Amino acid sequence: MQFRAPKGTTDILSDIATKWQYLERKATELFKAYGYKPIITPIFENTEVFQRGIGSSTDIVQKEMYTFEDKGGRSLTLRPEGTAPVIRAYIERNMNQLPQPVKLYYMGPMFRYERPQAGRYRQFWQMGVEAIGSDDPAIDAESILLLMNYFKAVGLKELILYINSMGCESDRPKYIQVLREYAGENRKRLCRDCQKRIELNPLRLFDCKDESCLVVMGDAPKLIDYLDEGCRRHFGTVKHYLEMQGMTYIIKPELVRGLDYYTKTTFEIVSPLLGAQNAIGGGGRYDRLVEEFGGPPTPGMGFALGTERLAIAIEEEGVSIPTEDKNDVFIAVADDVVKPAAINLLYALRSRSVGTDVDYMGRSLKAQLRAASRRGFRYTVFLGSQELEIGIVAIRDMESGEQQEVKLSELVQYFSGIMERV
RNA sequence: GUGAUCGUAGCUCAAUCGGUUAGAGCGUCGGACUGUGGCUCCGAAGGCUGAGGGUUCAAGUCCCUUCGGUCACCCCA
């Protein structure tokens with residue numbers, strides 16, 4: 001085998017691609033219902049967009065970016081996530097001149113240089129929304145509710161919603177200092193990795209699975225308790241709006257997320273059926289990001305969901321996705337001399353949006369029937385010299401096997417009628 | 001970036017202590033009295049055993065390297 005798809009990438013074959021199209025169609029409907037409009041940004045950006053947007057200390061920027069130089073010597077990067085490009089576009093295209101908030105959604109591939117594993121690929125697909133310009137906690141709740149409702153709309157049932165508040169920039173340094181002190185006092189009871197985390201990234205201490213660490217961190221001070229008055233009230237209102245819609249959630253104080261730009265609300269939705277990479281969607285508020293990009297102080301809130309993880313979860317839950325067979329009519333050609341007439345009929349039907357196909361393999365009539373059957377056509381039309389002469393063709397229902405005769409001149413009418421009824 | 005594990009037809013798998021022309025099921029294609037599918041039966045095509053090197057009289061099988069898959073860590077969708 002000479003050529004293979006690059007490591008961590010794969011071809012999405014028709015069966016799965018069809019399901020993805022359904023998922024994207026459903027998402028589009030719902031995003032639209034919530035007032036979001038589409039935006040399509042470039043698949044690569046100047047590298048600084050991500051360095052600045054995501055934060056240069058994050059794993060994404062430090063080790064996961066597909067960065068390359070183009071022939072003009074520019075450093076470009078395949079987008080590892082969708083928020084930074086949207087914010088760049090918001091500022092570049094002066095969307096602060098539009099009525100606020102600006103509510104946008106996107107869907108498409110993202111790229112991260114990581115070791116592949118279950119639910120993780122180097123090219124993966126995300127759908128996401130961003131609401132830029134409002135700091136209303138109702139927007140936070142809307143984002144969370146939209147994502148949860150979408151998952152429910154496509155049939156998922158077993159979901160866990162985690163929420164947290166990261167506080168403002170002013171809260172976090174204060175808290176981190178407290179956390180460091182606490183961890184330092186208990187240093188001996190922490191595992192080696194965690195001892196390093198005290199300096200590197202103390203928030204990560206909460207993620208350790210080591211038993212001793214779990215005990216220590218169970219009693220650790222929580223960020224939520226160090227929020228200032230405004231952040232606390234904001235978080236309370238978000239929770240209230242969630243409860244009003246009957247949404248149950250679990251507060252997870254250690255929910256930090258690996259992007260530097262989050263402030264206040266963060267959330268994550270997990271499917272317990274998924275394996276190690278079980279976050280199927282997540283997001284949060286980013287009130288400093290626009291400023292970070294050099295724009296005016298502008299709050300924002302958004303989420304992203306992983307399309308393949310969603311598809312896997314749906315598969316695991318055994319939810320069936322409706323797939324439609326576009327090909328409805330097969331024209332079986334009994335005699336080579338009528339092939340031109342068959343082709344005419346083919347395009348006549350297609351022009352009326354009746355999914356139609358013929359044999360292109362020079363098959364015998366029997367083989368044509370077999371192929372039509374395997375490909376799942378609903379009807380087969382028999383066309384031969386006789387039919388052409390008398391102007392009447394046989395239509396076979398491929399499920400029941402019953403046949404009926406229809407005038408050739410009325411055939412197009414006949415099928416477009418049937419298809420409209422369906 | 002770290003670790004574990006695996007790599008034989010399109011797919012799922014066989015192949016005794018290393019031992020002749022590497023097999024099967026499914027799928028694909030064709031046929032079973034001349035213009036009618038699905039079931040059944042028959043037949044055909046399809047593999048440099050991931051790649052490269054080594055050990056051996058002999059390698060799918062043992063060793064090394066490399067590429068890739070899978071799973072986990074880190075982290076995330």
Side-chain angles (χ1 to χ4, degrees), chain A residues 1-10 13 54 57-64 79-83 107-128 147 151 191 193-194 196-197 200-201 203-204 207-210 255-259 266 268-271 274-283 302-313 330 332-336 338 359 361-387 393-403:
Chain A
M1 208 180 298
Q2 198 154 25
F3 292 112
R4 282 193 264 204
K7 185 181 177 87
T9 70
T10 190
L13 303 186
I54 301 169
S57 71
T58 60
D59 273 22
I60 293 178
V61 171
Q62 291 219 317
K63 55 179 201 185
E64 295 172 5
R79 61 181 186 193
E81 57 103 53
T83 301
M107 29 192 80
M110 306 292 164
F111 306 84
R112 255 120 97 161
Y113 188 86
E114 294 185 275
R115 195 84 145 242
Q117 76 185 75
R120 170 189 288 166
Y121 310 95
R122 288 186 171 181
Q123 178 177 10
F124 58 101
W125 274 258
Q126 284 191 339
M127 307 184 221
L147 186 53
F151 287 153
C191 70
D193 282 343
C194 282
K196 273 186 252 165
R197 288 191 176 111
L200 285 173
N201 192 352
L203 289 172
R204 284 275 158 234
D207 286 336
C208 189
K209 280 133 198 157
D210 182 274
L255 178 62
V256 170
R257 309 189 55 76
L259 298 91
T266 57
E268 194 164 279
I269 297 171
V270 160
S271 167
L274 233 43
Q277 310 304 321
N278 60 2
I280 163 167
F303 69 71
L305 71 96
T307 305
E308 45 274 277
R309 287 187 189 177
L310 171 60
I312 294 167
F330 182 83
V333 179
D335 188 340
D336 270 354
V338 303
D359 174 60
M361 299 303 290
R363 287 183 171 94
S364 68
L365 188 66
K366 180 195 283 280
Q368 287 181 51
L369 260 287
R370 182 161 39 216
S373 174
R374 287 181 185 169
R375 286 172 58 191
F377 284 90
R378 295 167 62 201
Y379 302 97
T380 294
V381 172
F382 291 90
L383 197 62
S385 313
Q386 292 169 28
E387 285 81 357
V393 295
I395 298 171
R396 184 182 182 85
D397 183 315
M398 295 301 276
E399 231 173 274
S400 65
E402 285 167 21
Q403 289 191 196

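A, B, ... follow the sequence lines: proteins, then strands. Residue 1 opens every chain. Computed from a prediction, not measured in an experiment: that's the story for all the values here.
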Between the main-chain N or O of M107(A) and the side-chain N or O of Q126(A), is there a donor-acceptor pair closer than 3.5 Å?
->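 Not at all, since once roles are kept as given, no pair shorter than 3.5 Å links the two residues.
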
Donor-acceptor contact present, side-chain Q277(A) to main-chain R120(A), <3.5 Å =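 Answer holds: no.
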
Taking only N and O in the side chain of K366(A), is any of them less than 4.0 Å away from OP1 or OP2 of G37(B)?
->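 True: K366(A) side-chain N/O within range (under 4.0 Å) of G37(B) OP1/OP2.
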
Phosphate OP1/OP2 of U28(B) contacted by R370(A) side-chain N/O (<4.0 Å) |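 Result: no.
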
Cationic tip of R396(A) above F382(A) ring, under 6.0 Å, 45° of axis |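 Here R396(A) fails the 6.0 Å and 45° test against F382(A).
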
Using a 4.0 Å heavy-atom cut-off across all strands, classify [X] as base, sugar-phosphate, or nothing.
X: G8(A); value: sugar-phosphate
X: A118(A); value: sugar-phosphate
X: R363(A); value: sugar-phosphate
X: E81(A); value: nothing
X: G119(A); value: base
X: S364(A); value: sugar-phosphate
X: E387(A); value: base

Whom does [N] pair with, Watson-Crick or G-U wobble, provided both distances fall under 3.5 Å?
N: C73(B); result: G1(B)
N: G23(B); result: C13(B)
N: U36(B); result: none

Could you tell me whether the side-chain ring of W125(A) sits stacked on the base of A77(B), using a centroid cut-off under 5.5 Å and a plane angle under 30°?
->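 No, W125(A) does not stack on the base of A77(B), since the centre distance and plane angle fail the 5.5 Å and 30° test.
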
Distance criterion of 3.5 Å, no angle test: do you see the side chain of [X] paired donor-to-acceptor with the base of [N]?
X: K7(A); N: C67(B); answer: no
X: R115(A); N: U2(B); answer: yes
X: Q368(A); N: U36(B); answer: no
X: E114(A); N: A77(B); answer: yes
X: Q117(A); N: G69(B); answer: no

Between R122(A) and E114(A), is there a side-chain N and carboxylate O pair less than 4.0 Å apart?
->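 No.
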
Only counting residues at least two apart or in another chain, list the ones meeting side chain to side chain contact (heavy atoms under 4.5 Å, CB included) with E399(A).
->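 Counting only residues at least two positions away or on another chain, E399(A) forms a side chain to side chain contact (heavy atoms under 4.5 Å, CB included) with D397(A).
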
Mind checking the C1' distance from G38(B) to A51(B)? Whole angstroms is fine.
->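 Here G38(B) and A51(B) have their C1' atoms 43 Å from each other.
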
